[in-house]
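Here the structure is a predicted model, which is why all the values come from computation and not from measurement. Chain letters run A, B, ... following the sequence lines, proteins first, then strands; residues in each count from 1.
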Protein chains: 2
Amino acid sequence: MRPQYDRNALPKATDAIPCDTCPVREISVCSILPREQRKQIALKSHNRHAAKGDVLAVEGDRAAQIASVTSGVIKMTKTLSDGRQQIVGLAFPSDMVGRPFATDNTVRVEAATDTTLCSFDRAHFEQLLKEHPAFEGLLLRMKLDELDAAKEWMLLLGRKSAKERVASFLSMLADRQLAPDGTRLPRTSPITFELPLSRAEIADYLGLTLETVSRQVSKLRELGVIVIEDGRTVSVPDRQKLAALSGN
Amino acid sequence: MRPQYDRNALPKATDAIPCDTCPVREISVCSILPREQRKQIALKSHNRHAAKGDVLAVEGDRAAQIASVTSGVIKMTKTLSDGRQQIVGLAFPSDMVGRPFATDNTVRVEAATDTTLCSFDRAHFEQLLKEHPAFEGLLLRMKLDELDAAKEWMLLLGRKSAKERVASFLSMLADRQLAPDGTRLPRTSPITFELPLSRAEIADYLGLTLETVSRQVSKLRELGVIVIEDGRTVSVPDRQKLAALSGN
DNA sequence: CGAGTGCTTGAGGGAAGTCAAGATTGGTGG
DNA sequence: CCACCAATCTTGACTTCCCTCAAGCACTCG
(Lines give C-alpha, C1' and ligand atoms only; values in the text may rest on other atoms or scores of the structure.)
Protein backbone atom coordinates (compact mmCIF):
# COMPACT_ATOMS: atom_id res chain seq x y z
CA MET A 1 0.00 0.00 0.00
CA ARG A 2 1.47 3.31 -1.09
CA PRO A 3 1.72 6.11 1.38
CA GLN A 4 -0.23 9.20 0.28
CA TYR A 5 2.52 11.69 0.92
CA ASP A 6 5.53 12.51 -1.20
CA ARG A 7 8.19 9.87 -0.85
CA ASN A 8 10.86 12.51 -1.29
CA ALA A 9 9.66 14.13 1.88
CA LEU A 10 10.40 10.96 3.84
CA PRO A 11 13.38 11.11 6.15
CA LYS A 12 16.46 9.57 4.55
CA ALA A 13 18.29 6.66 6.09
CA THR A 14 21.77 7.58 7.26
CA ASP A 15 24.64 5.52 8.56
CA ALA A 16 23.64 3.71 11.73
CA ILE A 17 24.74 5.44 14.92
CA PRO A 18 25.27 3.04 17.81
CA CYS A 19 23.25 3.73 20.95
CA ASP A 20 26.50 4.43 22.78
CA THR A 21 26.78 7.80 21.10
CA CYS A 22 23.04 8.51 20.95
CA PRO A 23 22.40 12.11 22.05
CA VAL A 24 19.55 11.04 24.30
CA ARG A 25 21.03 7.79 25.57
CA GLU A 26 20.73 9.11 29.14
CA ILE A 27 17.03 9.89 29.01
CA SER A 28 15.32 8.02 26.14
CA VAL A 29 13.16 4.90 26.39
CA CYS A 30 16.21 2.77 25.91
CA SER A 31 18.14 4.31 28.78
CA ILE A 32 16.92 2.08 31.57
CA LEU A 33 17.00 -1.18 29.68
CA PRO A 34 19.85 -3.60 30.35
CA ARG A 35 22.58 -3.55 27.74
CA GLU A 36 21.56 -6.88 26.25
CA GLN A 37 17.97 -5.83 25.53
CA ARG A 38 19.20 -2.54 24.24
CA LYS A 39 21.34 -4.30 21.70
CA GLN A 40 18.39 -6.35 20.44
CA ILE A 41 16.31 -3.23 20.14
CA ALA A 42 19.05 -1.37 18.33
CA LEU A 43 19.10 -4.13 15.72
CA LYS A 44 15.53 -3.33 14.75
CA SER A 45 16.00 0.42 14.55
CA HIS A 46 17.64 2.72 12.06
CA ASN A 47 18.70 6.32 12.28
CA ARG A 48 16.92 8.80 10.08
CA HIS A 49 17.12 12.48 9.37
CA ALA A 50 14.18 14.74 8.61
CA ALA A 51 14.61 18.31 7.35
CA LYS A 52 12.43 21.10 8.70
CA GLY A 53 9.02 20.82 7.03
CA ASP A 54 9.34 17.14 6.06
CA VAL A 55 6.07 15.31 6.55
CA LEU A 56 6.47 11.93 8.24
CA ALA A 57 2.80 10.97 8.21
CA VAL A 58 -0.58 12.48 7.40
CA GLU A 59 -4.00 12.06 9.01
CA GLY A 60 -5.71 8.93 7.74
CA ASP A 61 -2.41 7.53 6.52
CA ARG A 62 -1.31 4.03 7.47
CA ALA A 63 0.67 4.13 10.71
CA ALA A 64 3.90 2.52 9.56
CA GLN A 65 6.71 3.87 11.75
CA ILE A 66 7.39 4.46 15.42
CA ALA A 67 10.40 6.59 16.32
CA SER A 68 12.28 8.11 19.20
CA VAL A 69 13.39 11.71 18.62
CA THR A 70 17.14 12.09 19.14
CA SER A 71 17.48 15.74 18.14
CA GLY A 72 15.17 18.51 16.92
CA VAL A 73 11.42 18.90 17.40
CA ILE A 74 8.51 17.10 15.74
CA LYS A 75 5.01 18.56 15.67
CA MET A 76 1.72 16.67 15.54
CA THR A 77 -1.26 18.53 14.10
CA LYS A 78 -4.96 17.99 13.52
CA THR A 79 -6.94 19.90 10.91
CA LEU A 80 -10.64 20.66 10.47
CA SER A 81 -12.20 20.37 7.01
CA ASP A 82 -12.13 24.15 6.51
CA GLY A 83 -8.41 24.33 7.26
CA ARG A 84 -8.37 25.42 10.89
CA GLN A 85 -5.35 23.75 12.46
CA GLN A 86 -4.29 22.77 15.94
CA ILE A 87 -0.94 21.42 17.07
CA VAL A 88 -1.85 18.62 19.48
CA GLY A 89 1.61 17.64 20.56
CA LEU A 90 5.31 18.35 20.25
CA ALA A 91 7.95 15.66 20.49
CA PHE A 92 11.32 16.72 21.89
CA PRO A 93 14.50 14.64 22.10
CA SER A 94 13.76 11.38 23.99
CA ASP A 95 10.03 11.54 23.14
CA MET A 96 8.38 8.92 20.95
CA VAL A 97 6.30 9.65 17.86
CA GLY A 98 3.97 7.26 16.07
CA ARG A 99 0.95 5.25 17.10
CA PRO A 100 1.43 1.59 18.05
CA PHE A 101 -1.61 -0.73 17.77
CA ALA A 102 -3.54 1.37 15.29
CA THR A 103 -3.69 0.95 11.56
CA ASP A 104 -4.22 4.64 10.79
CA ASN A 105 -2.69 7.87 11.96
CA THR A 106 -5.06 10.33 13.58
CA VAL A 107 -2.55 13.19 13.36
CA ARG A 108 -0.23 14.73 10.82
CA VAL A 109 3.43 14.33 11.84
CA GLU A 110 5.89 16.93 10.61
CA ALA A 111 9.42 18.04 11.43
CA ALA A 112 9.26 21.47 13.08
CA THR A 113 13.05 21.76 12.87
CA ASP A 114 15.77 19.63 11.33
CA THR A 115 15.45 16.41 13.22
CA THR A 116 17.13 13.07 13.80
CA LEU A 117 15.15 10.01 14.76
CA CYS A 118 15.71 6.46 15.83
CA SER A 119 13.00 4.72 13.84
CA PHE A 120 11.25 1.32 13.91
CA ASP A 121 8.79 -0.39 11.62
CA ARG A 122 5.56 -0.48 13.54
CA ALA A 123 5.34 -4.27 13.24
CA HIS A 124 8.88 -4.66 14.60
CA PHE A 125 8.16 -2.22 17.36
CA GLU A 126 5.04 -4.10 18.44
CA GLN A 127 7.04 -7.31 18.34
CA LEU A 128 9.63 -5.75 20.66
CA LEU A 129 6.90 -4.67 23.06
CA LYS A 130 5.60 -8.22 23.16
CA GLU A 131 9.04 -9.73 23.75
CA HIS A 132 10.22 -7.18 26.31
CA PRO A 133 7.59 -6.41 28.96
CA ALA A 134 10.01 -3.94 30.55
CA PHE A 135 10.02 -1.99 27.32
CA GLU A 136 6.24 -2.07 27.16
CA GLY A 137 6.04 -0.94 30.78
CA LEU A 138 8.31 1.97 30.07
CA LEU A 139 6.27 3.02 27.05
CA LEU A 140 3.15 2.88 29.23
CA ARG A 141 4.80 5.22 31.72
CA MET A 142 5.81 7.60 28.96
CA LYS A 143 2.30 7.62 27.54
CA LEU A 144 0.84 8.27 30.99
CA ASP A 145 3.15 11.28 31.29
CA GLU A 146 2.10 12.43 27.84
CA LEU A 147 -1.52 12.13 28.90
CA ASP A 148 -0.84 14.33 31.93
CA ALA A 149 0.79 16.88 29.66
CA ALA A 150 -2.20 16.74 27.29
CA LYS A 151 -4.53 17.45 30.21
CA GLU A 152 -2.39 20.39 31.24
CA TRP A 153 -2.70 21.67 27.68
CA MET A 154 -6.47 21.22 27.70
CA LEU A 155 -6.57 23.52 30.72
CA LEU A 156 -4.51 26.06 28.81
CA LEU A 157 -6.67 25.85 25.68
CA GLY A 158 -9.94 25.93 27.56
CA ARG A 159 -9.28 28.53 30.21
CA LYS A 160 -6.14 30.62 29.87
CA SER A 161 -5.88 34.14 28.41
CA ALA A 162 -3.65 34.87 25.43
CA LYS A 163 -0.92 36.28 27.65
CA GLU A 164 -1.03 33.28 29.98
CA ARG A 165 -0.84 30.91 27.02
CA VAL A 166 2.25 32.55 25.58
CA ALA A 167 3.92 32.69 29.00
CA SER A 168 3.06 29.02 29.61
CA PHE A 169 4.50 28.05 26.25
CA LEU A 170 7.79 29.85 26.82
CA SER A 171 7.97 28.45 30.33
CA MET A 172 7.41 24.93 29.02
CA LEU A 173 10.14 25.36 26.41
CA ALA A 174 12.56 26.62 29.04
CA ASP A 175 11.81 23.56 31.18
CA ARG A 176 12.43 21.16 28.30
CA GLN A 177 15.84 22.46 27.25
CA LEU A 178 18.65 19.95 27.57
CA ALA A 179 22.25 20.62 28.53
CA PRO A 180 24.86 19.93 25.82
CA ASP A 181 25.50 16.50 27.34
CA GLY A 182 21.84 15.51 26.90
CA THR A 183 20.85 15.71 30.55
CA ARG A 184 18.07 17.88 31.90
CA LEU A 185 18.76 21.33 33.31
CA PRO A 186 17.72 22.78 36.70
CA ARG A 187 14.30 24.44 36.65
CA THR A 188 15.33 27.81 37.95
CA SER A 189 18.47 29.16 36.31
CA PRO A 190 18.33 31.90 33.63
CA ILE A 191 18.25 30.40 30.17
CA THR A 192 18.49 31.26 26.47
CA PHE A 193 17.01 29.09 23.74
CA GLU A 194 15.79 28.97 20.15
CA LEU A 195 12.07 28.91 19.45
CA PRO A 196 11.47 25.71 17.48
CA LEU A 197 8.26 27.13 16.00
CA SER A 198 7.29 30.13 13.89
CA ARG A 199 4.69 32.61 15.20
CA ALA A 200 2.07 30.87 13.06
CA GLU A 201 2.97 27.50 14.53
CA ILE A 202 2.97 28.85 18.07
CA ALA A 203 -0.51 30.22 17.33
CA ASP A 204 -1.62 26.77 16.14
CA TYR A 205 -0.25 25.26 19.32
CA LEU A 206 -1.88 27.80 21.63
CA GLY A 207 -5.25 28.06 19.89
CA LEU A 208 -4.63 31.72 18.94
CA THR A 209 -3.85 33.72 15.80
CA LEU A 210 -0.31 34.63 14.85
CA GLU A 211 -1.06 38.33 15.36
CA THR A 212 -2.19 37.72 18.91
CA VAL A 213 0.92 35.66 19.62
CA SER A 214 3.11 38.43 18.22
CA ARG A 215 1.36 41.07 20.33
CA GLN A 216 1.68 39.03 23.51
CA VAL A 217 5.35 38.28 22.88
CA SER A 218 5.89 42.03 22.45
CA LYS A 219 4.10 42.72 25.73
CA LEU A 220 6.24 40.18 27.59
CA ARG A 221 9.30 41.83 26.08
CA GLU A 222 8.09 45.28 27.19
CA LEU A 223 7.54 43.88 30.68
CA GLY A 224 11.15 42.71 30.71
CA VAL A 225 10.15 39.13 31.41
CA ILE A 226 11.84 37.95 28.23
CA VAL A 227 14.55 39.34 25.96
CA ILE A 228 14.31 38.69 22.22
CA GLU A 229 17.89 38.29 21.02
CA ASP A 230 16.68 37.97 17.46
CA GLY A 231 13.22 36.92 16.19
CA ARG A 232 13.75 33.28 17.18
CA THR A 233 16.14 33.43 20.13
CA VAL A 234 14.66 34.09 23.55
CA SER A 235 16.31 34.76 26.91
CA VAL A 236 14.51 34.33 30.19
CA PRO A 237 16.42 36.14 32.94
CA ASP A 238 13.95 35.20 35.70
CA ARG A 239 11.96 32.05 35.16
CA GLN A 240 9.89 32.53 38.29
CA LYS A 241 8.59 35.77 36.86
CA LEU A 242 7.64 34.08 33.60
CA ALA A 243 5.98 31.19 35.45
CA ALA A 244 3.99 33.70 37.52
CA LEU A 245 2.39 34.98 34.32
CA SER A 246 1.37 31.48 33.20
CA GLY A 247 -1.79 31.36 35.26
CA ASN A 248 -1.85 27.93 37.02
CA MET B 1 -0.45 9.91 55.35
CA ARG B 2 -3.97 11.29 55.67
CA PRO B 3 -5.88 12.14 52.55
CA GLN B 4 -6.84 15.80 52.43
CA TYR B 5 -10.44 15.28 51.40
CA ASP B 6 -13.42 14.39 53.53
CA ARG B 7 -13.41 10.71 54.37
CA ASN B 8 -17.20 10.70 54.36
CA ALA B 9 -17.12 11.61 50.71
CA LEU B 10 -15.20 8.46 49.90
CA PRO B 11 -17.13 5.79 48.04
CA LYS B 12 -18.45 3.11 50.39
CA ALA B 13 -17.49 -0.52 50.02
CA THR B 14 -20.43 -2.71 49.08
CA ASP B 15 -20.87 -6.45 48.75
CA ALA B 16 -18.52 -7.89 46.16
CA ILE B 17 -20.14 -8.49 42.79
CA PRO B 18 -18.48 -11.26 40.81
CA CYS B 19 -17.15 -10.35 37.37
CA ASP B 20 -19.71 -12.70 35.83
CA THR B 21 -22.46 -10.17 36.45
CA CYS B 22 -20.33 -7.06 35.93
CA PRO B 23 -22.25 -4.58 33.76
CA VAL B 24 -19.21 -3.96 31.58
CA ARG B 25 -17.83 -7.50 31.52
CA GLU B 26 -18.11 -7.49 27.71
CA ILE B 27 -16.04 -4.36 27.13
CA SER B 28 -13.89 -3.56 30.19
CA VAL B 29 -10.16 -4.17 30.62
CA CYS B 30 -10.90 -7.55 32.06
CA SER B 31 -13.00 -8.74 29.13
CA ILE B 32 -10.24 -10.14 26.98
CA LEU B 33 -8.26 -11.78 29.75
CA PRO B 34 -8.49 -15.54 30.18
CA ARG B 35 -10.79 -16.67 32.98
CA GLU B 36 -7.91 -17.69 35.23
CA GLN B 37 -6.21 -14.28 35.17
CA ARG B 38 -9.53 -12.60 35.57
CA LYS B 39 -10.12 -14.49 38.78
CA GLN B 40 -6.79 -13.40 40.20
CA ILE B 41 -7.51 -9.83 39.30
CA ALA B 42 -10.97 -9.98 40.82
CA LEU B 43 -9.40 -11.05 44.12
CA LYS B 44 -7.56 -7.75 44.33
CA SER B 45 -10.52 -5.56 43.49
CA HIS B 46 -13.59 -4.46 45.37
CA ASN B 47 -16.82 -2.88 44.23
CA ARG B 48 -17.54 0.63 45.36
CA HIS B 49 -20.32 3.10 44.98
CA ALA B 50 -19.92 6.86 44.67
CA ALA B 51 -22.85 9.26 44.86
CA LYS B 52 -23.09 12.21 42.49
CA GLY B 53 -20.69 14.87 43.73
CA ASP B 54 -18.49 12.53 45.78
CA VAL B 55 -14.84 13.46 45.46
CA LEU B 56 -12.56 10.46 44.91
CA ALA B 57 -9.29 12.41 44.75
CA VAL B 58 -8.05 15.97 44.66
CA GLU B 59 -5.14 17.60 42.84
CA GLY B 60 -1.91 17.12 44.75
CA ASP B 61 -3.42 14.27 46.73
CA ARG B 62 -1.66 10.92 46.99
CA ALA B 63 -2.73 8.67 44.15
CA ALA B 64 -4.04 5.69 46.10
CA GLN B 65 -6.68 3.98 43.98
CA ILE B 66 -7.13 2.82 40.41
CA ALA B 67 -10.62 1.87 39.30
CA SER B 68 -12.66 0.70 36.36
CA VAL B 69 -16.01 2.46 36.00
CA THR B 70 -18.87 -0.06 35.86
CA SER B 71 -21.77 2.40 35.75
CA GLY B 72 -22.21 6.19 35.81
CA VAL B 73 -19.77 8.89 34.78
CA ILE B 74 -16.67 10.24 36.52
CA LYS B 75 -15.21 13.66 35.72
CA MET B 76 -11.58 14.74 36.01
CA THR B 77 -10.94 18.46 36.46
CA LYS B 78 -8.01 20.84 36.70
CA THR B 79 -8.25 24.25 38.37
CA LEU B 80 -6.21 27.45 38.12
CA SER B 81 -5.36 29.35 41.28
CA ASP B 82 -8.08 31.93 40.65
CA GLY B 83 -10.75 29.26 40.34
CA ARG B 84 -11.07 28.86 36.59
CA GLN B 85 -11.86 25.22 35.96
CA GLN B 86 -11.51 22.80 33.08
CA ILE B 87 -12.81 19.25 32.84
CA VAL B 88 -9.92 17.35 31.26
CA GLY B 89 -11.57 13.97 30.94
CA LEU B 90 -14.72 11.96 31.49
CA ALA B 91 -14.68 8.28 32.38
CA PHE B 92 -17.62 6.22 31.16
CA PRO B 93 -18.39 2.58 31.98
CA SER B 94 -15.38 0.41 31.05
CA ASP B 95 -12.95 3.36 31.34
CA MET B 96 -10.23 3.44 33.98
CA VAL B 97 -9.65 6.25 36.45
CA GLY B 98 -6.57 6.84 38.56
CA ARG B 99 -2.91 7.31 37.80
CA PRO B 100 -0.59 4.31 38.05
CA PHE B 101 3.13 4.98 38.61
CA ALA B 102 2.74 8.43 40.11
CA THR B 103 2.65 9.35 43.74
CA ASP B 104 0.39 12.37 43.33
CA ASN B 105 -2.79 13.09 41.44
CA THR B 106 -2.62 15.86 38.90
CA VAL B 107 -6.41 16.06 38.58
CA ARG B 108 -9.43 16.20 40.81
CA VAL B 109 -11.62 13.10 40.41
CA GLU B 110 -15.32 13.46 41.11
CA ALA B 111 -18.49 11.48 40.44
CA ALA B 112 -20.56 13.37 37.85
CA THR B 113 -23.47 10.99 38.42
CA ASP B 114 -24.11 8.15 40.84
CA THR B 115 -21.40 5.70 39.97
CA THR B 116 -20.21 2.17 40.59
CA LEU B 117 -16.55 1.27 40.34
CA CYS B 118 -14.34 -1.77 40.46
CA SER B 119 -11.46 -0.46 42.52
CA PHE B 120 -7.86 -1.49 43.25
CA ASP B 121 -5.21 -0.23 45.62
CA ARG B 122 -2.62 1.40 43.43
CA ALA B 123 0.13 -0.84 44.79
CA HIS B 124 -1.93 -3.97 44.07
CA PHE B 125 -2.78 -2.68 40.64
CA GLU B 126 0.86 -2.06 39.79
CA GLN B 127 1.68 -5.53 41.06
CA LEU B 128 -0.95 -6.99 38.73
CA LEU B 129 0.53 -5.08 35.80
CA LYS B 130 3.92 -6.53 36.59
CA GLU B 131 2.62 -10.09 36.90
CA HIS B 132 0.34 -9.99 33.86
CA PRO B 133 1.98 -8.43 30.81
CA ALA B 134 -1.26 -8.98 28.88
CA PHE B 135 -3.02 -6.74 31.38
CA GLU B 136 -0.31 -4.12 31.07
CA GLY B 137 -0.52 -4.30 27.29
CA LEU B 138 -4.23 -3.78 27.40
CA LEU B 139 -3.89 -0.79 29.69
CA LEU B 140 -1.32 0.66 27.29
CA ARG B 141 -3.80 0.31 24.44
CA MET B 142 -6.50 1.98 26.49
CA LYS B 143 -4.22 4.87 27.38
CA LEU B 144 -3.20 5.29 23.74
CA ASP B 145 -6.90 5.56 22.86
CA GLU B 146 -7.38 8.06 25.67
CA LEU B 147 -4.48 10.07 24.30
CA ASP B 148 -6.11 10.14 20.86
CA ALA B 149 -9.32 11.36 22.48
CA ALA B 150 -7.39 14.04 24.38
CA LYS B 151 -5.87 15.27 21.12
CA GLU B 152 -9.29 15.41 19.54
CA TRP B 153 -10.39 17.51 22.51
CA MET B 154 -7.42 19.83 22.14
CA LEU B 155 -8.57 20.51 18.59
CA LEU B 156 -12.04 21.31 19.91
CA LEU B 157 -10.76 23.60 22.66
CA GLY B 158 -8.25 25.37 20.46
CA ARG B 159 -10.18 25.85 17.25
CA LYS B 160 -13.91 25.12 17.35
CA SER B 161 -16.71 27.69 17.73
CA ALA B 162 -19.18 27.50 20.62
CA LYS B 163 -21.82 25.86 18.45
CA GLU B 164 -19.37 23.28 17.11
CA ARG B 165 -18.21 22.48 20.64
CA VAL B 166 -21.72 21.81 21.89
CA ALA B 167 -22.58 19.75 18.81
CA SER B 168 -19.34 17.76 19.21
CA PHE B 169 -20.11 17.12 22.87
CA LEU B 170 -23.62 15.84 22.20
CA SER B 171 -22.31 13.77 19.30
CA MET B 172 -19.63 12.23 21.51
CA LEU B 173 -22.19 11.39 24.20
CA ALA B 174 -24.45 9.76 21.64
CA ASP B 175 -21.53 7.63 20.42
CA ARG B 176 -20.65 6.48 23.92
CA GLN B 177 -24.09 5.26 24.97
CA LEU B 178 -24.30 1.56 25.76
CA ALA B 179 -27.19 -0.81 25.08
CA PRO B 180 -28.91 -2.30 28.18
CA ASP B 181 -26.78 -5.43 27.82
CA GLY B 182 -23.58 -3.38 28.06
CA THR B 183 -22.53 -3.64 24.43
CA ARG B 184 -21.89 -0.68 22.17
CA LEU B 185 -24.61 0.71 19.91
CA PRO B 186 -24.45 1.38 16.15
CA ARG B 187 -23.20 4.86 15.26
CA THR B 188 -26.14 5.96 13.16
CA SER B 189 -29.51 5.12 14.70
CA PRO B 190 -31.64 7.82 16.43
CA ILE B 191 -30.98 7.90 20.15
CA THR B 192 -32.20 9.39 23.42
CA PHE B 193 -29.98 9.82 26.47
CA GLU B 194 -29.48 11.65 29.74
CA LEU B 195 -26.90 14.40 29.97
CA PRO B 196 -24.50 13.30 32.72
CA LEU B 197 -23.42 16.91 33.30
CA SER B 198 -25.08 20.18 34.30
CA ARG B 199 -24.83 23.21 32.02
CA ALA B 200 -22.02 24.54 34.22
CA GLU B 201 -20.11 21.26 33.93
CA ILE B 202 -20.62 21.11 30.18
CA ALA B 203 -19.20 24.63 30.05
CA ASP B 204 -16.16 23.50 32.06
CA TYR B 205 -15.69 20.62 29.66
CA LEU B 206 -16.01 22.75 26.53
CA GLY B 207 -14.03 25.78 27.69
CA LEU B 208 -17.13 28.02 27.58
CA THR B 209 -19.47 29.70 30.07
CA LEU B 210 -22.71 28.11 31.13
CA GLU B 211 -24.71 30.90 29.45
CA THR B 212 -23.03 30.24 26.12
CA VAL B 213 -23.72 26.52 26.44
CA SER B 214 -27.36 27.22 27.22
CA ARG B 215 -27.71 29.53 24.22
CA GLN B 216 -26.10 27.04 21.85
CA VAL B 217 -28.26 24.18 23.12
CA SER B 218 -31.28 26.39 22.49
CA LYS B 219 -30.09 27.12 18.97
CA LEU B 220 -29.60 23.42 18.20
CA ARG B 221 -33.12 22.82 19.51
CA GLU B 222 -34.51 25.60 17.30
CA LEU B 223 -32.70 24.04 14.34
CA GLY B 224 -34.44 20.74 15.09
CA VAL B 225 -31.14 18.90 15.38
CA ILE B 226 -31.93 17.88 18.95
CA VAL B 227 -35.09 17.58 21.04
CA ILE B 228 -34.94 18.43 24.74
CA GLU B 229 -37.35 16.02 26.43
CA ASP B 230 -36.71 17.71 29.76
CA GLY B 231 -33.70 19.81 30.84
CA ARG B 232 -31.41 16.76 31.04
CA THR B 233 -32.84 14.33 28.50
CA VAL B 234 -31.83 14.78 24.88
CA SER B 235 -33.03 13.07 21.71
CA VAL B 236 -31.05 13.08 18.50
CA PRO B 237 -33.32 12.12 15.59
CA ASP B 238 -30.57 12.41 12.95
CA ARG B 239 -27.04 11.90 14.15
CA GLN B 240 -25.51 12.72 10.78
CA LYS B 241 -27.03 16.18 11.02
CA LEU B 242 -25.60 16.70 14.49
CA ALA B 243 -22.19 15.43 13.40
CA ALA B 244 -22.25 17.83 10.44
CA LEU B 245 -22.41 20.74 12.90
CA SER B 246 -19.39 19.48 14.87
CA GLY B 247 -16.82 21.00 12.60
CA ASN B 248 -14.19 18.27 11.93
C1' DC C 1 -46.11 28.00 49.16
C1' DG C 2 -41.72 30.11 49.42
C1' DA C 3 -36.73 29.20 49.00
C1' DG C 4 -33.25 27.19 46.51
C1' DT C 5 -31.11 25.46 42.50
C1' DG C 6 -30.44 25.10 37.78
C1' DC C 7 -31.60 26.86 33.28
C1' DT C 8 -32.81 30.45 29.85
C1' DT C 9 -32.72 34.88 27.77
C1' DG C 10 -31.30 39.71 27.17
C1' DA C 11 -28.16 43.79 26.98
C1' DG C 12 -23.65 45.56 26.91
C1' DG C 13 -18.60 45.18 26.97
C1' DG C 14 -14.07 43.32 26.07
C1' DA C 15 -10.53 40.03 24.52
C1' DA C 16 -9.10 38.09 20.64
C1' DG C 17 -9.94 37.67 15.59
C1' DT C 18 -9.78 39.82 10.92
C1' DC C 19 -8.02 42.77 7.59
C1' DA C 20 -4.39 45.64 6.12
C1' DA C 21 -0.02 48.03 5.98
C1' DG C 22 4.76 48.20 7.07
C1' DA C 23 9.12 46.55 9.16
C1' DT C 24 12.65 42.79 9.67
C1' DT C 25 14.92 38.94 8.52
C1' DG C 26 17.14 35.60 5.77
C1' DG C 27 18.30 33.32 1.64
C1' DT C 28 20.11 33.74 -3.18
C1' DG C 29 22.55 35.18 -6.80
C1' DG C 30 24.92 38.82 -9.14
C1' DC D 1 29.80 41.37 -0.05
C1' DC D 2 25.77 43.35 -0.77
C1' DA D 3 21.28 44.00 -2.96
C1' DC D 4 16.95 42.18 -3.72
C1' DC D 5 13.04 39.31 -2.90
C1' DA D 6 10.19 36.42 -0.27
C1' DA D 7 8.92 35.00 4.00
C1' DT D 8 8.16 36.13 8.61
C1' DC D 9 7.01 39.21 12.05
C1' DT D 10 5.03 43.55 14.04
C1' DT D 11 1.70 47.00 14.61
C1' DG D 12 -2.69 49.41 13.86
C1' DA D 13 -7.77 49.89 13.08
C1' DC D 14 -11.98 47.72 13.10
C1' DT D 15 -15.19 43.71 13.94
C1' DT D 16 -17.06 39.78 16.13
C1' DC D 17 -17.92 36.18 19.16
C1' DC D 18 -18.16 35.02 23.54
C1' DC D 19 -18.08 36.65 28.40
C1' DT D 20 -20.15 39.33 32.14
C1' DC D 21 -23.81 41.02 34.54
C1' DA D 22 -28.57 40.84 35.34
C1' DA D 23 -33.25 39.42 35.39
C1' DG D 24 -36.78 36.08 35.05
C1' DC D 25 -38.40 31.21 34.55
C1' DA D 26 -39.04 26.13 35.81
C1' DC D 27 -38.49 22.48 39.02
C1' DT D 28 -37.74 20.35 43.44
C1' DC D 29 -37.97 20.03 48.20
C1' DG D 30 -38.81 21.36 52.86
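Identified under the ring pair (Phe, Tyr, Trp, His ring centres under 6.0 Å) test for residues 58-85 of chain B, with sequence neighbours left out: none. Residue pairs meeting the ring pair (Phe, Tyr, Trp, His ring centres under 6.0 Å) criterion with at least one member in residues 211-248 of chain A, sequence neighbours excluded, do not occur. Within the structure, no pair that satisfies the ring pair (Phe, Tyr, Trp, His ring centres under 6.0 Å) test touches residues 219-248 of chain B, not counting sequence neighbours.
Using a 4.0 Å cutoff to heavy atoms of chain A, the contacted part of DNA chain D runs 5' to 3' from dC9(D) to dA13(D).
Taking the salt bridge (charged side-chain N to carboxylate O under 4.0 Å, His left out) definition, one finds that Arg108(B) meets it with Glu110(B), sequence neighbours left out. Applying the ring pair (Phe, Tyr, Trp, His ring centres under 6.0 Å) criterion to Tyr205(B), with sequence neighbours excluded, gives Trp153(B), Phe169(B). For Arg187(A), the salt bridge (charged side-chain N to carboxylate O under 4.0 Å, His left out) partners at least two apart in sequence or on another chain are Asp175(A). Partners of Lys75(A) by side-chain hydrogen bond (donor to acceptor under 3.5 Å, both in side chains), not counting sequence neighbours, listed by chain and number: Glu201(A). Residues satisfying the salt bridge (charged side-chain N to carboxylate O under 4.0 Å, His left out) test with Lys78(A), not counting sequence neighbours, are Glu152(B). The side-chain contact (heavy atoms from CB on, under 4.5 Å) search around Gln177(B) returns Leu173(B), Leu185(B), Ile191(B), Phe193(B), not counting sequence neighbours.
The stretch residues 74-81 of chain A has no heavy atom under 4.0 Å from DNA chain C, so no residue of it qualifies as close.
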Checklist outcome for this item: Per-nucleotide protein contact along nucleotides 5-22 of chain C, 5' to 3', at a 4.0 Å heavy-atom cut-off (B base, S sugar-phosphate only, - neither), is --SBBBB----SSBB---
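When Val225(B), Leu195(B), Val236(B) are each tested for a side chain to side chain contact (heavy atoms under 4.5 Å, CB included) with Leu170(B), only one passes: Leu195(B).
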